[in-house]
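Note sheet for the following structure.
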Amino acid sequence: MVNRYSVAVSGQPETPGHARIANLANVLTLLRLVLVPIFLLALFAGDGHQIAFRIVAFLIFAVAAITDRLDGLLARNYGMATEFGAFVDPIADKTLIGSALVGLSMLGELPWWITVLIMSREVGVTLLRLAVIRRGVIPASWGGKLKTVVQSVAIGLFILPLSGPVQVAASVVMGVAIVLTVVTGIDYVAQTFRTVRQVRPPTGG
């Protein structure tokens with residue numbers, strides 16, 4: 001999901017302010033982490049294929065995904081950005097998406113290669129971001145934001161107990177999510193190398 005502390009197009013990092021750690025944006029971020037084990041309990045309740053529990057799991061996942069959007073809006077627009085939030089927010093995002101993907105694959109609802117592909121991209125980009133964070137942060141692109149939304153929708157559809165044409169639609173949305181995952185991952189790597197070259201300090205003479 002999208003880091004809520006991305007920078008402007010100018011390439012200058014948006015430094016988290018001096019807001020109190022105990023603010024609503026951070027509470028929502030922590031809530032997303034708390035909802036992950038509850039979501040997994042609902043997803044695997046019974047034999048993991050009971051309609052009622054799968055609907056409950058979908059609702060929990062949806063609420064958690066919405067908190068990602070809300071905490072970002074609060075942090076950016078109401079001065080609630082903190083270093084704590086900047087660190088925990090992406091962890092909460094990856095934990096939610098990763099647990100849903102792994103859970104669905106364990107239940108046989110989603111091929112393992114999809115889970116491995118998406119998680120490899122997310123972990124890889126996170127590690128790359130940490131590696132170059134002192135040289136600047138790459139701003140979230142329009143494609144990256146779209147990828148996040150499509151991923152969440154696709155996962156949500158797979159969580160629901162669907163069948164027939166609706167299940168086919170879920171597979172199509174997941175296919176789009178996979179394409180966006182790969183394309184935006186490649187674009188992020190390219191942007192990172194361009195940024196590193198631009199800010200490389202001049203050699204002394």
Side-chain angles (χ1 to χ4, degrees), residues 1-14 16 29 32-33 36 39 61-62 64-73 75-76 81 85-106 109-159 169-200:
M1 291 188 182
V2 179
N3 190 333
R4 71 193 192 209
Y5 301 101
S6 300
V7 300
V9 178
S10 64
Q12 296 300 318
E14 180 180 300
T29 299
R32 190 156 64 258
L33 279 173
V36 170
F39 159 73
F61 178 84
I66 290 172
T67 65
D68 177 55
R69 178 63 177 168
L70 291 178
D71 64 13
L73 289 174
R76 288 190 300 269
F87 177 76
V88 176
D89 184 69
I91 294 176
D93 296 341
K94 302 300 185 292
T95 302
L96 176 65
I97 294 297
S99 63
L101 291 170
V102 172
L104 289 170
S105 292
M106 290 178 65
E109 302 285 355
L110 193 67
W112 275 102
W113 70 265
I114 294 179
T115 294
V116 172
L117 175 64
I118 293 178
M119 290 310 301
S120 295
R121 185 271 189 198
E122 299 301 332
V123 173
V125 166
T126 298
L127 293 177
L128 186 60
R129 179 182 292 119
L130 292 175
V132 301
I133 193 168
R134 292 185 179 276
R135 301 193 180 205
V137 181
I138 307 302
S141 65
W142 180 85
K145 294 177 181 179
L146 178 61
K147 178 269 302 180
T148 299
V149 173
V150 176
Q151 272 187 2
S152 298
V153 172
I155 292 172
L157 290 175
F158 271 89
I159 294 172
S171 297
V172 172
V173 177
M174 181 59 76
V176 175
I178 292 170
V179 172
L180 289 173
T181 296
V182 174
V183 171
T184 57
I186 294 173
D187 179 66
Y188 186 89
V189 172
Q191 289 188 63
T192 299
F193 280 109
R194 285 197 296 269
T195 299
V196 169
R197 286 199 300 267
Q198 290 172 1
V199 301
R200 182 176 298 167

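- At distances below 3.5 Å, not a single donor-acceptor pair connects side-chain atoms of Ser99 with backbone N or O atoms of Val36.
- Between Trp113 and the choices Leu110, Leu117, Val116, the side-chain contact (heavy atoms from CB on, under 4.5 Å) rule is met once, by Leu117.
- Expressed to the nearest 0.5 Å, how far CH2 of Trp112 lies from CG of Leu101 amounts to 9.5 Å.
- For the residue pair Ile118 and Gln151, the shortest heavy atom distance occurs at CG2-NE2, 3.5 Å.
- Of all heavy-atom pairs between Ala154 and Ala177, the closest is CB-CB, 4.4 Å.
- When side chains are defined from C-beta on, Lys94 does not count as touching Val123, because their heavy atoms never get closer than 4.5 Å.
- Among residues two or more places apart in sequence or in another chain, the side chain to side chain contact (heavy atoms under 4.5 Å, CB included) test is passed with Val153 by Val149, Leu157, Val173.
- Two residues are said to be in side-chain contact when any heavy atoms from C-beta on lie closer than 4.5 Å; Leu104 and Thr115 fail this criterion.
- Using a 4.5 Å heavy-atom cutoff, the side chains of Arg121 and Thr184 are in contact.
- At least one side-chain heavy atom of Met174 sits under 4.5 Å from a side-chain heavy atom of Ile155.
- Within 6.0 Å of atom CE in Met106, 12 or fewer heavy atoms from other residues, nucleotides or ligands are found, so the atom counts as exposed in its surroundings.
- Between Ser152 atom OG and Ile66 atom CD1 the span is 10.0 Å, to the nearest 0.5 Å.
- Take Phe158 and apply the ring pair (Phe, Tyr, Trp, His ring centres under 6.0 Å) test, not counting sequence neighbours, and it matches no residue.
- One finds the CZ atom of Phe39 at 7.0 Å from the CG atom of Leu96 (value rounded to the nearest 0.5 Å).
- A donor-acceptor pair shorter than 3.5 Å can be found between the side chains of Thr67 and Arg32.
- Two residues are said to be in side-chain contact when any heavy atoms from C-beta on lie closer than 4.5 Å; Asp93 and Ile97 fail this criterion.
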